[in-house]
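Every chain is numbered from 1, with letters handed out A, B, ... down the list of sequences.
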Protein chains: 2
Amino acid sequence: MAENLRSDARRNREKILAAASELFAREGAGLCMDDLARRAGVGHATVFRRFPNKEELILAMFEDRLADVAELVEEAAGSEDAWEGIVAAMTAIAERQARDRGLMEAVGTEVFGSPRLRAARERVIAPMGELLARAQAAGQVRDDLAPTDVFFLITAAGHASPCHFDIPDLWRRYLGVILDGMRPSGASSLSPPAPTLAEFEAAIGNPAAASSA
Amino acid sequence: MAENLRSDARRNREKILAAASELFAREGAGLCMDDLARRAGVGHATVFRRFPNKEELILAMFEDRLADVAELVEEAAGSEDAWEGIVAAMTAIAERQARDRGLMEAVGTEVFGSPRLRAARERVIAPMGELLARAQAAGQVRDDLAPTDVFFLITAAGHASPCHFDIPDLWRRYLGVILDGMRPSGASSLSPPAPTLAEFEAAIGNPAAASSA
DNA sequence: TCGCAAACGGACCGCACTGTCCGCTTACCG
DNA sequence: CGGTAAGCGGACAGTGCGGTCCGTTTGCGA
């Protein structure tokens, strides 16, 4: 990736990456390429030399965020008590989402199903699956949840509050309700089964999903 | 509102309103005024004669949707069993949200706290508050939930799925988890208290909430 | 030090979208 | 039926954005 860039090019590349990450956290995928260039202290065109277009840059950001999340989940998967691990992972991810609009959009939104991000996505899901299976075997979590559900429920908690970025920590309230709902006791049956990842990818690829922003 | 319009003007007004409602359902607040005019079969400028600007139109749409929701909740509030009423209301609202992007954005997003929509909002919240109080008195719902929480939890269910508009009914799955989490048994304590509506309004008015789209 | 390819960035293009203007049309009333 | 004001809508203005071009600068190897 770094390839044989000239020293100034490599320096600019770092500046762009840093600025992009910062702006992506604050504005999400809707960031403006001009702002990005200004923040990085380079010309507008230099950004486009590094990333052929905006979509490519956003995908790179998403990939980056998913890698972060994968690390968090892997760490949580190491915990002795599976339920505690799940709570820790969900809390840690939601915590970051509360401060990072880009991450908010990365987990559980349409991009999550993008074929381009398949590898990153699977690296996130695998450890969660392991954790979830352990918790279910121990009777700590209802049996009808799939690993992807866990991520979607995190996003749900984040999106619950209309002022997610203005009243910090409010998400904890809704995550609390959701965590209680994930327990086996008093669990009612869930009607549509969890879709497979293949089904997600198909749905994302839909012409109906002509998302703007 | 209808005032003394000429017959053709009144006819156009209806066409615009109908087209706006339709487009708002499909595209949400991001709709394009040009598309709207085309769909209504009137000139671009005619739309702006009816609504001074886009924001005004969107607010009118939001008001309209909130009125619909108020009706749904009022109806559910009449049910004998309070819990059944809550489930019915939450399901009905989520059901509409799954088919109406505008409604999705109206309930539980930032606009929900807009001072302009205070009246409409309160008409939605009041019957839910009554229903919730009954359910809590009957021991059917955990005591630490406020009426606004219910709406935010509906939105949470809707936002859980990354392809809300592509895999219909998937929201039912996440609403199921949330409903289970709203029950009193096994309820853990919720850490940040529910903010008051005044606190929401203050948060929405924040400079930090420079929302785009 | 010199030469040159690599890299830079200001200027520019095209597009989409909101909002305005103004000459033309049409409903209504006497 | 004819005068008139209300209404209409195509054309235009302004803005913000993604993406490209091309003359200038700069790092680097010979």
Side-chain angles (χ1 to χ4, degrees), chain A residues 1-24 26-62 101-102 105 111 116 210-213, chain B residues 1-24 26-62 101-102 105 111 116 210-213:
Chain A
M1 254 239 173
E3 281 152 52
N4 340 358
L5 290 174
R6 235 168 62 176
S7 65
D8 54 346
R10 178 152 37 244
R11 216 178 316 126
N12 278 341
R13 189 178 159 275
E14 293 312 315
K15 286 197 285 182
I16 290 169
L17 247 32
S21 187
E22 201 179 326
L23 210 60
F24 186 66
R26 188 138 45 82
E27 317 236 339
L31 62 79
C32 161
M33 299 297 271
D34 245 337
D35 293 348
L36 169 54
R38 211 169 306 121
R39 174 172 296 265
V42 303
H44 173 119
T46 300
V47 176
F48 283 97
R49 202 167 305 108
R50 220 39 65 195
F51 295 93
N53 52 49
K54 186 178 175 178
E55 196 187 335
E56 217 62 28
L57 177 130
I58 296 299
L59 274 172
M61 290 293 109
F62 278 138
R101 212 166 212 128
E105 293 169 6
V111 293
R116 254 296 289 274
S211 77
S212 56
Chain B
M1 258 250 170
E3 282 152 52
N4 341 358
L5 290 174
R6 233 168 63 175
S7 64
D8 54 345
R10 179 150 40 242
R11 217 178 314 127
N12 278 341
R13 189 177 158 276
E14 293 311 315
K15 286 198 285 183
I16 290 169
L17 247 33
S21 186
E22 202 179 326
L23 210 61
F24 186 65
R26 187 139 44 82
E27 316 237 340
L31 62 79
C32 161
M33 300 297 270
D34 245 337
D35 292 348
L36 169 54
R38 211 169 306 120
R39 172 172 299 264
V42 303
H44 171 121
T46 301
V47 176
F48 282 97
R49 201 167 306 108
R50 219 40 63 196
F51 296 94
N53 53 49
K54 185 177 175 179
E55 196 186 335
E56 217 63 29
L57 177 130
I58 296 298
L59 274 172
M61 291 293 109
F62 277 138
R101 211 165 211 130
E105 293 170 7
V111 293
R116 255 295 288 274
S211 77
S212 56

Per the under-4.0 Å heavy-atom filter, residues of residues 38-49 of chain A near DNA chain C come out as A:Val42, A:Gly43, A:Ala45, A:Thr46, A:Arg49
Could you walk me through whether B:Met33 and B:Leu31 pass the side chain to side chain contact (heavy atoms under 4.5 Å, CB included) check?
CA-CA 7 Å; B:Met33 300 297 270; B:Leu31 62 79; 4.2 Å; yes
NA contact type, B:Leu31, heavy-atom cut-off 4.0 Å: base, sugar-phosphate, or nothing? sugar-phosphate
What one should report as the nearest heavy-atom pair of A:Phe62 and A:Ala29 is CZ-CB, 4.3 Å
Closest heavy-atom pair, B:Lys54 versus B:Phe48, reported as atoms and distance to 0.1 Å, is N-CE2, 4.4 Å
Taken to the nearest whole Å, CZ/A:Phe51 to P/D:dT20 is 15 Å
So CZ of B:Arg10 and NZ of B:Lys15: to nearest 0.5 Å the spacing works out to 14.5 Å
Exercise for review: Give a yes/no answer on whether the side chain of B:Arg50 brings an N or O atom under 4.0 Å of OP1 or OP2 in D:dG9.
Suggested key: no
- Query: NA contact type, B:Asp34, heavy-atom cut-off 4.0 Å: base, sugar-phosphate, or nothing?
  - Reply: base
Outermost contacting nts on DNA chain C, any atom under 4.0 Å from chain A heavy atoms, listed 5' then 3', are C:dA5 to C:dG10
With sequence neighbours left out, the residues meeting side-chain contact (heavy atoms from CB on, under 4.5 Å) with B:Glu22 are B:Arg39
Is there a side-chain polar atom (N or O) of B:Asn12 under 4.0 Å from OP1 or OP2 of D:dC8?
yes
Rounded to whole Å, CG of A:Leu57 lies from P of D:dC17 at a distance of 15 Å
Residues at least two apart in sequence or cross-chain that pass salt bridge (charged side-chain N to carboxylate O under 4.0 Å, His left out) with B:Arg26, listed by chain then number, are none
Students should find that the end-to-end axis angle of the helix from C:dT1-D:dA30 to C:dG30-D:dC1, with five pairs defining each axis and rounding to 10 degrees, is 0°
Closest to the 5' end of DNA chain C, once A:Ala9 and B:Asp35 are matched to their nearest nucleotides, is A:Ala9
CD (A:Glu56) with more than 12 external heavy atoms under 6.0 Å: yes
dist A:Arg101:CZ -> A:Leu23:CG (nearest 0.5 Å) comes out at 11.5 Å
Item checked: Stepwise salt bridge (charged side-chain N to carboxylate O under 4.0 Å, His left out) test for A:Arg11 and A:Asp8 -> CA-CA 5 Å; A:Arg11 216 178 316 126; A:Asp8 54 346; 5.8 Å; no
All N/O contacts under 3.5 Å from nucleotides 28-30 of chain D to the protein, with atom names and distances to one decimal?
| unit_1 | atom_1 | unit_2 | atom_2 | d |
| --- | --- | --- | --- | --- |
| D:dC28 | OP1 | A:Ser7 | N | 3.1 |
| D:dC28 | OP1 | A:Ser7 | OG | 3.2 |

Tested for side chain to side chain contact (heavy atoms under 4.5 Å, CB included) against B:Val47, the lone hit among B:Asp34, B:Asn12, B:Val42 is B:Val42
query = Taking C-beta and beyond as the side chain, do B:Glu55 and B:Ile58 meet within less than 4.5 Å on heavy atoms?
reply = no
Side chain to side chain contact (heavy atoms under 4.5 Å, CB included) with B:Phe51: of B:Leu59, B:Leu36, B:Leu17, only one passes, and it is B:Leu17
